[in-house]
Protein chains: 2
Amino acid sequence: MSPPLPRDPIADAQRNWESHGWSDVAAPMAAITAIMRTQQILLARIEGVLKPFGLTFARYELLALLSFARSGALPMNKASALLQVHPTSVTNAVDRLQTAGLVVRSPHPTDGRTTLIELTAEGRTLAKRATAVLNAEVFGQSGFGEEDVNQLIRILGDFRRGAGDFTG
Amino acid sequence: MSPPLPRDPIADAQRNWESHGWSDVAAPMAAITAIMRTQQILLARIEGVLKPFGLTFARYELLALLSFARSGALPMNKASALLQVHPTSVTNAVDRLQTAGLVVRSPHPTDGRTTLIELTAEGRTLAKRATAVLNAEVFGQSGFGEEDVNQLIRILGDFRRGAGDFTG
DNA sequence: GCAATATACTAGGACATCCAACGGTTTGGA
DNA sequence: TCCAAACCGTTGGATGTCCTAGTATATTGC
């Protein structure tokens with residue numbers, strides 16, 4: 001990776017915003033930009049860990065979701081809703097997971113429009129192994145302090161509720 | 001957009017982690033997943049605002065960066081480092097901005113390897129207009145409380161420093 | 001019962017990101 | 001001095017995301 005910058009580019013941007021008369025929105029701008037950059041860093045770590053398994057984060061999320069479903073199967077639209085991604089993204093992920101033999105498509109017993117995604121035995125095993133490594137190498141070494149983790153969960157939970165992700 | 005879910009899927013995932021004996025990493029997992037989702041929501045808002053300008057967030061970031069440079073010009077590699085993205089992403093963005101007449105490439109006066117990106121008059125004007133709308137519609141209505149914004153800046157700043165983004 | 005509407009999934013296209021590899025330029029040590 | 005190593009930007013390929021449109025199946029209303 002590239003060497004660290006001598007200065008925080010986001011803090012610089014915040015100062016630029018303030019010196020241009022946008023002080024009222026400089027802080028939110030900095031917070032939002034920091035979220036963007038943090039996501040990029042975390043995604044790179046996760047993908048690095050998953051690569052040896054032939055998985056990407058999108059595919060892993062789907063595998064993990066299926067592994068927690070009672071029957072190990074979910075309708076495509078349900079998966080799309082729970083993962084909060086576009087239906088076509090699920091189609092894409094399922095295509096690749098199916099090619100890899102980790103899931104199979106099967107028709108819904110009563111609704112002809114719906115397709116069920118079902119975990120195969122290999123899919124379940126791989127999900128388990130990938131989760132173990134992810135827990136050890138990423139989530140277990142996140143770099144966030146314990147109290148900061150709680151703050152993030154609370155702040156981002158409030159935000160997501162306000163954005164209409166969920167109710168309650 | 002899709003209707004809100006009855007339950008927070010990330011909180012559910014956290015409970016799943018805990019019930020599978022991974023309590024020690026359940027909270028960081030939830031925090032990281034929440035960052036992923038929050039980034040997605042914010043990016044969608046930003047892109048929605050920028051679309052009428054024919055800009056994406058990646059292109060806007062480059063325009064904004066150039067508009068804050070003293071001379072209105074920056075070497076490609078400098079832009080890549082400050083935006084913290086891969087050089088090929090900058091090449092891609094510059095290609096499109098140049099086609100749109102918002103920037104031009106020019107050779108570096110002393111280093112034949114380096115290419116300078118220069119803002120055109122239209123580029124500077126568009127950056128100004130896009131920033132005004134972004135400030136009003138996104139940063140000014142972020143949905144984060146004032147104190148939460150400060151918390152985010154602090155927490156994510158610590159994280160980014162720890163991840164090697166910058167020193168100091 | 002049948003037409004109109006709604007829902008589910010997929011195909012094709014645009015865009016961004018990264019990585020690997022390549023050709024041109026500069027730098028630094030033998 | 002001169003060549004190897006480092007550096008810079010671009011091209012080509014893979015992946016993911018979204019949007020629009022199209023096909024098939026369900027549901028609703030008259």
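All values below were derived from every heavy atom in this structure, side-chain atoms included, with hydrogens, water molecules and symmetry-related copies excluded.
- The distance from the OG1 atom of B:Thr115 to the CG atom of B:Leu74 is 13.0 Å, given to the nearest 0.5 Å.
- At distances below 3.5 Å, at least one donor-acceptor pair connects side-chain atoms of B:Thr125 with backbone N or O atoms of B:Ala121.
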### Task
Please test A:Val133 against A:Phe53 for side-chain contact (heavy atoms from CB on, under 4.5 Å), starting from the C-alpha separation and ending with a verdict.
CA-CA 10 Å; A:Val133 180; A:Phe53 296 98; 3.6 Å; yes
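- The CG-C1' distance, from B:Leu62 to C:dT17, rounds to 15 Å in whole Å.
- Salt bridge present: A:Arg105 and A:Asp95 bring a charged side-chain N and a carboxylate O closer than 4.0 Å.
- Residues from residues 48-60 of chain B that place a heavy atom under 4.0 Å from any atom of DNA chain D: there are none.
- If you measure from atom CG of A:Asn92 to atom C1' of C:dC15, you get 14 Å, rounded to the nearest angstrom.
- For the contact set between residues 29-36 of chain A and DNA chain D, defined by any heavy atom under 4.0 Å, there are no members.
- A side-chain donor-acceptor contact under 3.5 Å links B:Asn92 and B:Arg96.
- Rounded to an integer number of Å, the gap from A:Gln39 CD to C:dC18 C1' is 13 Å.
- Rounding to whole angstrom units, CD of residue A:Glu47 and C1' of C:dC18 are separated by 9 Å.
- Remark: P of D:dT17 and CG of B:Leu42 are 17 Å apart, rounded to the nearest angstrom.
- The separation between A:Glu61 atom CD and D:dG16 atom C1' is 12 Å, rounded to whole Å.
- The pair B:Arg161-B:Asp165 fails the salt-bridge criterion, with no side-chain N (NZ, NE, NH1 or NH2) lying under 4.0 Å from an Asp/Glu carboxylate O.
- Taking CG from B:Leu102 and CZ from B:Arg124, the interatomic distance works out to 12.5 Å, rounded to the nearest 0.5 Å.
- To the nearest 0.5 Å, the span separating CG on B:Leu119 from CG on B:Leu97 amounts to 9.0 Å.
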### Query
Reading nucleotides 5-10 of chain D from the 5' end, what letters show protein touch, with B for base, S for backbone sugar-phosphate only, - for no heavy atom under 4.0 Å?
--BSSB
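- Remark: side-chain polar atoms of B:Glu47 are paired, donor with acceptor, to backbone N or O of B:Phe57 under 3.5 angstrom.
- From A:Leu65, atom CG reaches atom CG of A:Leu83 across 5.0 Å, with rounding to the nearest 0.5 Å.
- With rounding to whole Å, A:Gln40 atom CD is found 15 Å from D:dG16 atom C1'.
- Atom NE2 of A:His108 and atom P of D:dA26 are 10 Å apart (whole Å).
- Here A:Thr110 lies in heavy-atom contact (under 4.0 Å) with sugar-phosphate atoms only.
- Side chains of B:Arg7 and A:Phe166 form no contact here, defined as non-hydrogen atoms less than 4.5 Å apart.
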